[in-house]
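I have placed the structure first, in the form of structure tokens, so that the comments after it can refer back to it.
Just follow the structure's listing: the first ligand is 1, and inside any ligand the first atom is 1. All values below come from the heavy atoms of this structure, side chains included, with hydrogens, waters and symmetry mates left out.
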Amino acid sequence: MKKHYDIIIVGSGVAGLSTLLYLIASEAYIKGNLSIAVIAKGAIDETNTDWAQGGIAAVAAMQDNYEKHIEDTMNAGGYVNDIHIVKKVVQSGPAIMHDLLDWGICLDKKTDGTFDLVKEGGHSEARIWHYQDTTGHALQMALTNNIPTTQKLDLKTNNTVLGIEKDINGIFHLLNYHNETKFTENLSCDKLVLATGGLGTVFEKTTNQSIATGDGIYFSHHLGAKISNLSYIQFHPTGLYKEGPISFLISEALRGAGAILVNKIGESFMHQYDERGSLAPRDIVSRSILSEMQKTNSSHVYLDATKVDTIYLATHFPNIINKCKEILNLNIFQDLIPVIPTQHYSCGGIAVNEYGESTIAGLFAIGECANTGLHGANRLASNSLLEAIAFAKFATSQLLKKTVLTSSIIASEDIKLPKYKEIERLPIQKIISNHAGVTKSNKGLNIGLEALYQISDSAPFIEFDINNKDAIKLWENHIILELSIMLIKDALEQKKNIGVHYNVDLLLFS
Ligand code: FAD
Ligand code: SIN
């Protein structure tokens, strides 16, 4: 018998869990009239959220104000942001911080007892709330600690949603696969929240967790929802330069604390490219680094943190200090840190309105998988955690509205296991990384698209085999291929260079 819920939330990061926490505070839930399931394909904290470093942007300090945060967000986004959304999210910042503190998040304070707000690239004021350089972990823990254990809530970790359909009644049907027991089950719900995060693994190197395969965007596309600006991919200027698909992030907050980018002969170069130097917006810094690498014929540049006050460095960046030691045996008090622009964040995604509703009734998208209009053509640092919590809050009233059935016919057919194209992941990632990276060209994009079509055309469809230990990975490869094709097509449709979109064949937009 298929289990039905009022609301299913797919995702256990900041978007999924803050949606849950706002919902369980509702009268409907408290009175026992709201059933909810949360599904996550890994452990509860196997999320990009858990890896967030720098912090959460929100106005608080005396010298700061909403206008400044709004202007910084618009400026980073190339002024194509949705101004209504920017105002709404920025103005919700203080209340969101209040909610987070209520949920018990631990954030750094100064010796005078006030919160220790820091600066990151593109911010005109110090407004980043943080816990050392592991804010995401502090956030993930606070949210997780508030999950209730009641019958009205089913928490399904290590469960991958493999299929979503919507019936003529407006009910969503999900096929859920338990990664370890190989057990599949069909679930249904009135309202569905996709909080599935980004798509970093589409690229050869990313700062994202391996769960970031863009599943929510893929499902939404197949349900017919509008997907927008999928090619607006933000590269973080300072991914640690090393072998392997996942790059450890060197937080922008380190540049906020005074670390500077230098080339292979130790020369500071950013001021030749932008007067804001190492703290210019990420798109500018990433392009400048690539240009400097080309000029100096190097495979990477360096971040020099050796002049940052040692006590400040030790107290604010213990994780970066430890990880650089562990991964490359570097002592960042003395050694330069090798860095390279690395895929980091998806600014586009499932198009939603100010309540997180997609173009499909009852289908919500919150967090990195959504395109809310906040970021425009480039996200301002530390605005995404704020955005996810703000939209979780904005969505609550719509999620609590009862669904009106559009037909008396009840469709209860089970969803079949998916078919997918059996392909390898790395060749796709290489194509995307080579042709749809920081700098694009029409020729490169067309070569990339053709190569992806060839991979797609030559691969047969196969049935999802629940007993194959690699079944999930193979199925994700199929998603990665489809999203890669969508991403390149979107890049080819972009008409101007703005924010993260930079195509050498387009005239510069200013
Ligand atoms: P996630 O936290 O990634 O969660 C996605 C969830 O969806 C997971 O639980 C996953 O299991 C689940 N899921 C996905 N597909 C399926 C499926 N098919 N079935 C079941 N479950 C599924 N932003 C800031 O604002 N400040 C920062 O300091 C900051 N630092 C960052 C540092 C790093 C290294 C990275 C990678 C990102 C950083 N970001 C930062 C960005 C920010 O962390 C993310 O945008 C945000 O955490 C995304 O949250 P989310 O809830 O949308 O997705
Ligand atoms: C960082 O700490 O540099 C990441 C911040 C972000 O992605 O917003």
Original post:
Is R379 touching ligand 1 with its side chain, its backbone, both, or neither, if touching means heavy atoms under 4.0 Å apart?
Top reply: side chain
**OP:** Give yes if a backbone or side-chain nitrogen or oxygen of W475 is under 3.5 Å from a nitrogen or oxygen of ligand 1, and no if not.
**Re:** no
Original post:
Is it true that A388 lies under 4.0 Å from ligand 1, counting heavy atoms only?
Top reply: no
**OP:** Pick one of side chain, backbone, both or neither for how V161 approaches ligand 1, counting any non-hydrogen atom pair under 4.0 Å.
**Re:** both
Original post:
For ligand 1, is any non-hydrogen atom under 4.0 Å from L249's backbone (N, CA, C, O), its side chain (CB onward), both, or neither?
Top reply: side chain
Original post:
Are any of the N or O atoms of E46 closer than 3.5 Å to those of ligand 1?
Top reply: no
Original post:
Ion pair present between K109 and D116, side-chain N to carboxylate O less than 4.0 angstrom?
Top reply: no
Original post:
Below 4.0 Å from any atom of ligand 1, is there a heavy atom belonging to I56?
Top reply: no
Subject >> Over all atoms of both residues, closest heavy-atom pair of I366 and V193 >> reply: CD1-CG1, 4.0 Å
Original post:
Got an N/O contact under 3.5 Å between L386 and ligand 1?
Top reply: no
Original post:
Is the closest heavy-atom distance from A212 to ligand 1 below 4.0 Å?
Top reply: no
Subject >> Any N or O of G54 closer than 3.5 Å to N or O of ligand 1 >> reply: yes
Original post:
For ligand 1, is there an N or O atom under 3.5 Å from any N or O atom of I366?
Top reply: no
Original post:
Are any of the side-chain heavy atoms of R282 and R379 separated by less than 4.5 Å?
Top reply: yes
**OP:** For ligand 1, find out whether one of its N or O atoms is nearer than 3.5 Å to an N or O atom of V14.
**Re:** yes
Subject >> Results of side-chain contact (heavy atoms from CB on, under 4.5 Å) for N81 - residues two or more places apart only >> reply: T73, M74, V86
Original post:
How about F333: does its CZ atom have over 12 heavy atoms from other parts shown lying under 6.0 Å from it?
Top reply: yes
Subject >> F269 atom CZ, neighbour heavy-atom count above 12 within 6.0 Å >> reply: yes
Original post:
Looking only at heavy atoms of S382, does any of them come nearer than 4.0 Å to an atom of ligand 1?
Top reply: yes
Original post:
Is the centre of the F235 ring less than 6.0 Å from the centre of the F203 ring?
Top reply: yes
**OP:** Give a yes or no on whether the ring-centroid distance for H178 and F183 is below 6.0 angstrom.
**Re:** no
Subject >> Under 4.0 Å to a heavy atom of V10 - the qualifying atoms of ligand 1, by number >> reply: 19 (N), 20 (C), 21 (N), 22 (C)
**OP:** List for me each residue that meets side-chain contact (heavy atoms from CB on, under 4.5 Å) alongside A60, sequence neighbours excluded, and say none if there are none.
**Re:** L117, W129
Original post:
Which atoms of ligand 1 sit under 4.0 Å from any heavy atom of N208?
Top reply: 36 (C)
**OP:** Assess the side chains of H69 and N383: does a donor N or O sit below 3.5 Å from an acceptor N or O?
**Re:** yes
Subject >> Heavy-atom closest contact (V500 atom, D283 atom, distance) >> reply: CA-CB, 4.1 Å
Subject >> Contact residues of ligand 2 (heavy atom under 4.0 Å), by chain and number >> reply: Q53, G54, E120, H236, L249, S251, E252, R282, H344, R379, A381, S382
Subject >> Part of D50 with heavy atoms under 4.0 Å of ligand 1, whether side chain, backbone, both or neither >> reply: neither
**OP:** Measure up the H375 and Y345 rings against each other and bin them: parallel (under 30°), tilted (30 to 60°), perpendicular (over 60°).
**Re:** perpendicular
Original post:
Does ligand 1 have a heavy atom under 4.0 Å from the side chain of T135, from its backbone, from both, or from neither?
Top reply: neither
Original post:
According to the interplanar angle, ranging from 0 to 90°, do the rings of Y218 and W475 count as parallel (below 30°), tilted (30 to 60°) or perpendicular (above 60°)?
Top reply: perpendicular
Original post:
For T160, is at least one N or O under 3.5 Å away from an N or O on ligand 1?
Top reply: no
Subject >> Heavy-atom closest contact (E120 atom, A381 atom, distance) >> reply: OE1-CB, 3.1 Å
**OP:** Mind checking side-chain contact (heavy atoms from CB on, under 4.5 Å) for L417 and listing every partner two or more places apart, or none if nothing turns up?
**Re:** L162, L175, T184, F464, I466
**OP:** Between A195 and ligand 1, find which residue part has any heavy-atom pair under 4.0 Å and reply side chain, backbone, both or neither.
**Re:** backbone
Subject >> Within reach of ligand 1, part of H130 (heavy-atom separation under 4.0 Å) >> reply: neither
Subject >> Over 12 foreign heavy atoms within 6.0 Å of NZ, K182 >> reply: yes
